Amino acid sequence: RILLSPVLAGDMRVEDITLHPQEWYAQQGITLHAGDAVVGIDRGRRTVTSARGVTVTYDRLLLATGSVPFVPSVPGTDLAGVTTFRDLDDVARMQAAAGPQRPAVVIGGGLLGLEAATGLAARGMAVTVVHLMDRLMERQLDARAAGLLRDTLVARGIQVRLSAETEALEGENGRVTALRLKGGER
């Protein structure tokens, strides 16, 4: 995730953030099963089984489970154009939707939300960050530092709405047309 932002902004390519090409794993004697989720672990037999039905044995097993993005439980998150920002598929969806002066709303003023907002703004989108709390990155920054960060984002053309609770994503024809904030504000 750490290098998704420069890919989203167009400053880097996927190849630039890939640790090793597929061939490297084979040269190291590593069998890589990419894109095939593990669906079963038999600790007694020391095997793992994948969604494609591949079963392999192991000496030691390391579980790298990734993460699950937080999606607010509000109506409309299933509409087209709504995406999370966790992997390269998300970046591809965001890049496909990006366009000069097209509106984009990022819900969440934490680190990943601000990285997404900055990347979309770099692609020319009119970005608004909507954040529930009274300051950006409230877990990492005090009020003064958060204010400086907000000023920097605004200077880059990113609008910031603080203390704004998302109530619903509204849509027509299966696509998002508006964001409704608590109190009916859009």
Side-chain angles (χ1 to χ4, degrees), residues 1-28 30-41 48-56 58 61-100 102-133 136-140 149 153 156 158 160 166 168-169 171 174-176 179:
R1 284 192 323 236
I2 211 161
L3 292 175
L4 292 179
S5 300
V7 174
L8 176 60
D11 296 334
M12 296 179 88
R13 299 169 303 140
V14 172
E15 297 80 22
D16 297 331
I17 69 167
T18 303
L19 293 177
H20 301 291
Q22 294 276 351
E23 302 79 33
W24 180 88
Y25 294 96
Q27 292 167 354
Q28 305 306 310
I30 299 169
T31 304
L32 177 64
H33 299 273
D36 189 12
V38 171
V39 296
I41 300 171
V48 293
T49 303
S50 76
R52 294 185 188 140
V54 175
T55 299
V56 290
Y58 65 86
L61 180 62
L62 169 68
L63 301 175
T65 60
S67 63
V68 177
F70 171 76
V71 177
S73 57
V74 298
T77 56
D78 59 339
L79 293 169
V82 177
T83 188
T84 56
F85 184 49
R86 289 287 184 184
D87 59 31
L88 288 170
D89 291 335
D90 294 340
V91 170
R93 278 190 292 280
M94 293 167 83
Q95 287 174 326
R102 292 189 70 189
V105 174
V106 174
I107 300 173
L111 183 59
L112 285 178
L114 297 180
E115 287 185 3
T118 302
L120 293 169
R123 291 190 164 271
M125 297 193 80
V127 180
T128 301
V129 174
V130 174
H131 192 52
L132 178 63
M133 304 307 286
L136 299 171
M137 294 183 59
E138 71 283 349
R139 291 182 180 174
Q140 294 86 6
L149 175 59
L153 294 171
R156 292 182 183 178
I158 297 172
V160 178
T166 302
L169 303 168
R175 296 200 59 81
V176 176
L179 174 76

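Heavy-atom basis, side chains included; hydrogens, waters and symmetry copies ignored. Worth saying up front: this structure is predicted, and the values here are computed from it rather than measured.
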K.L.:
Any idea which heavy atoms bring Ala117 and Val129 closest together, and the distance?
P.N.:
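Taking every non-hydrogen atom into account, CB-CG2, 3.6 Å.
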K.L.:
Are any non-hydrogen side-chain atoms of Phe70 and Leu112 less than 4.5 angstrom apart?
P.N.:
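Of all side-chain heavy-atom pairs linking Leu112 with Phe70, none is under 4.5 Å.
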K.L.:
Testing the basics here: between Met125 and Ala104, what is the closest heavy-atom pair and its distance to 0.1 Å?
P.N.:
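Heavy atoms of Met125 and Ala104 come nearest at CE-CB, 3.8 Å.
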K.L.:
If the condition is side chain to side chain donor-acceptor pair (under 3.5 Å), which residues does Ser50 pass it with, not counting sequence neighbours?
P.N.:
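Result, side chain to side chain donor-acceptor pair (under 3.5 Å) vs Ser50: Asp36.
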K.L.:
Can you see which heavy atom on Leu114 is nearest to which on Leu153, and at what distance?
P.N.:
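Reported closest heavy-atom pair: CD2-CD1, 3.7 Å.
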K.L.:
Looking at every non-hydrogen atom in both residues, tell me the closest pair between Glu115 and Ser5 and how far apart they are.
P.N.:
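Distance-wise, the nearest heavy atoms are OE1-OG, 2.7 Å.
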K.L.:
With a 3.5 Å cut-off and sequence neighbours excluded, list the donor-acceptor pairs that the side chains of residues 9-20 form with protein atoms.
P.N.:
unit_1, atom_1, unit_2, atom_2, d
Arg13, NH2, Asp16, OD1, 3.0
Asp16, OD2, Arg13, N, 2.8
Thr18, OG1, Val14, O, 2.9

K.L.:
Distance-only, no hydrogens or angles: does the Gln22 side chain make a donor-acceptor pair with backbone N or O of Leu32 under 3.5 Å?
P.N.:
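Not confirmed, Gln22 side chain does not pair with Leu32 backbone.
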K.L.:
Output all residues satisfying side chain to side chain donor-acceptor pair (under 3.5 Å) with Thr55, sequence neighbours left out; order by chain, then residue number.
P.N.:
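Counting only residues at least two positions away or on another chain, Thr55 forms a side chain to side chain donor-acceptor pair (under 3.5 Å) with Thr49.
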K.L.:
If every non-hydrogen atom of Arg123 is compared with every non-hydrogen atom of Ala98, which pair is closest and at what distance?
P.N.:
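Between these two residues, the closest heavy atoms are CD-CB, 3.9 Å.
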K.L.:
Does Leu111 form a side-chain contact (heavy atoms from CB on, under 4.5 Å) with Met137? I'd like the steps, not just the answer.
P.N.:
CA-CA 7 Å; Leu111 183 59; Met137 294 183 59; 4.3 Å; yes
K.L.:
Check step by step if side-chain contact (heavy atoms from CB on, under 4.5 Å) holds for Ile107 and Leu169.
P.N.:
CA-CA 11 Å; Ile107 300 173; Leu169 303 168; 4.2 Å; yes
K.L.:
Return the minimal non-hydrogen interatomic distance between Ala80 and Arg175, and the atom names on each side.
P.N.:
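Heavy atoms of Ala80 and Arg175 come nearest at CB-NH1, 3.4 Å.
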K.L.:
Picking from Asp90, Val7, Leu120, what satisfies side-chain contact (heavy atoms from CB on, under 4.5 Å) with Gln95?
P.N.:
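Filter result, single survivor: Val7.
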K.L.:
In sequence, state the C-alpha distance, the side-chain angles, and the governing distance for Val71 and Val82, and then conclude on side-chain contact (heavy atoms from CB on, under 4.5 Å).
P.N.:
CA-CA 10 Å; Val71 177; Val82 177; 5.8 Å; no
K.L.:
Output yes when a side-chain donor or acceptor of Arg52 lies under 3.5 Å from a complementary backbone atom of Gly35, and no otherwise.
P.N.:
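Present.
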K.L.:
Could you walk me through whether Phe85 and Leu8 pass the side-chain contact (heavy atoms from CB on, under 4.5 Å) test, one step at a time?
P.N.:
CA-CA 10 Å; Phe85 184 49; Leu8 176 60; 4.0 Å; yes
